[in-house]
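Protein chains get the first letters and strands the later ones, always in sequence-line order, with residue 1 at the start of each.
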Amino acid sequence: MRVATWNINSLKARLDRVLAWLETARPDVVCLQELKCATADVPADAFRDAGYEIAAWGSGRWNGVAIASRVGIADVRQGIASQPDFAGAIEARALTATCGPVRVQSLYVPNGRDTADPHFPYKLAFLQALAADAAADAAGPVPFAAMGDYNICPTDDDVWDVDEWPGTTHITTDERDALAAVQAAGLVDVHPRALKYDQPFTFWDYRNLDFPKNRGLRIDLALANPAFADAVTDAYVDRNERKGKGASDHAPLVIDLDL
DNA sequence: ATGCCCTATCGTATAGGA
């Protein structure tokens, strides 16, 4: 089977491209992030016409996660255990469901904004909660992957050039330690191959010709338990989806499984 | 060609993204 994760940066603005991609890539399950629309506004009919059921948790302008599947969706769960709030709100950043033989989690980890911003400790707290939340699924017999936009480059090789990276977040030791703690729960980073160039980046900023210049980041990850990881036959980043008019700034991460 | 930022919002600018 084929499982994917993709930060689509608005479901409404991206709907045609998402549906077209489902038709060509034919994933059995796709985790989507940054819906930027309310749950009630998710076009479930359009997905149904394409052969997919969709479970979504959206809250309007920001965030929002979904899972679309053509092998069924069961046991849907919103959020993670002890999920921290931001400014008093529990944000739509995690959705977990069982789709056929796999259990997947669609994740949108907080950006962090700046190491001096309150969003940064929020990001670390979210990851800490995630590590605890994932432990049971990580140790279980069912193939499980927590996949999505982690907003962390696991290593310097996951940045086109750390010295040119303009942000203060995504590359810090604190963030990488927090990511390592999630992996320590029993999950491994399914490292994809790139369709072009050496590094399998998943994000390129819209500005400054970053995509043509391949100034990218690998921040969309699939952290898999042993049952999931052992079944992986291929993994790649579909950078072709970053091309052209109306593209998201992220490309899909696609994983093929012998399941 | 990969091509010079994008999205949603009570908007005619602003916040957020990474």
Side-chain angles (χ1 to χ4, degrees), chain A residues 5-18 21 32-43 56 58-66 86-87 89 91-93 107-124 126-127 148-176 178-179 194-221 236-253:
Chain A
T5 182
W6 190 10
N7 179 324
I8 54 175
N9 184 19
S10 166
L11 180 53
K12 186 179 177 185
R14 214 69 59 213
L15 184 60
D16 289 347
R17 278 191 73 132
V18 170
W21 185 75
L32 304 172
Q33 299 88 34
E34 282 211 77
L35 306 186
K36 294 184 172 178
C37 73
T39 306
D41 295 330
V42 170
S59 54
R61 184 173 186 181
W62 308 116
N63 314 312
V65 284
F86 187 71
E91 298 180 318
R93 294 185 175 276
L107 277 174
Y108 180 47
V109 174
N111 173 290
R113 298 179 186 166
D114 185 279
T115 53
D117 191 289
H119 215 254
F120 189 72
Y122 169 51
K123 180 180 194 173
L124 298 178
F126 186 94
L127 289 161
D149 181 358
Y150 279 79
N151 272 316
I152 299 171
C153 303
T155 74
D156 286 354
D157 280 342
D158 299 308
V159 188
W160 85 93
D161 186 335
V162 283
D163 295 325
E164 285 195 49
W165 166 240
T168 63
T169 59
H170 293 62
I171 59 171
T172 68
T173 301
D174 282 347
E175 289 161 287
R176 287 173 176 169
L179 180 64
L195 295 187
K196 190 177 181 183
Y197 307 118
D198 296 330
Q199 293 153 295
F201 298 141
T202 64
F203 166 87
W204 299 260
D205 198 291
Y206 286 124
R207 292 166 286 193
N208 309 315
L209 288 171
D210 274 5
F211 181 59
K213 292 178 178 174
N214 200 33
R215 293 157 51 98
L217 306 174
R218 186 174 78 95
I219 53 176
D220 297 271
L221 311 173
Y236 66 93
V237 179
D238 189 357
R239 72 184 297 281
N240 292 322
E241 268 309 309
R242 183 61 180 77
K243 299 177 184 177
K245 189 176 175 61
S248 170
D249 41 6
H250 295 250
L253 166 60

Cation-pi geometry met for A:R218 and A:F201 (6.0 Å, 45°): no

For A:F86, ring-ring contact (aromatic ring centres under 6.0 Å, His included) partners two or more places apart: A:H119, A:Y122

What is the separation between atom [atom1] on [X] and atom [atom2] on [N], rounded to the nearest whole Å?
X      : N     : atom1 : atom2 : result
A:L35  : B:dA8 : CG    : P     : 11 Å
A:D210 : B:dC5 : CG    : P     : 10 Å
A:R239 : B:dA1 : CZ    : C1'   : 11 Å

Atom C1', compared across B:dT2 and B:dT12: separation rounded to whole Å: 33 Å

Residue mapping more 5' on DNA chain B - nearest nucleotide basis, A:H119 or A:N9: A:N9

First of A:P212 and A:G246 reached from the 5' end of DNA chain B, by closest nucleotide: A:P212

A:H250 vs B:dA18: side-chain N/O to OP1/OP2 distance below 4.0 Å: yes

Contact under 4.0 Å: A:R113 side-chain N or O vs B:dG17 OP1/OP2: yes

Pair A:Q33, A:T5: side-chain N/O donor-acceptor within cut-off below 3.5 Å: yes

Closest to the A:N151 side chain, choosing from B:dA18, B:dT7, B:dA15: B:dA18

Cationic N near anionic O, under 4.0 Å, A:D156 to A:R176: yes

Sugar-phosphate, base or nothing in reach of A:W62, heavy atoms under 4.0 Å: base

Side-chain-base donor-acceptor pair under 3.5 Å for A:Y206 and B:dT7: no

Check: B:dT7 base within 3.5 Å donor-acceptor of A:K12 side chain: no

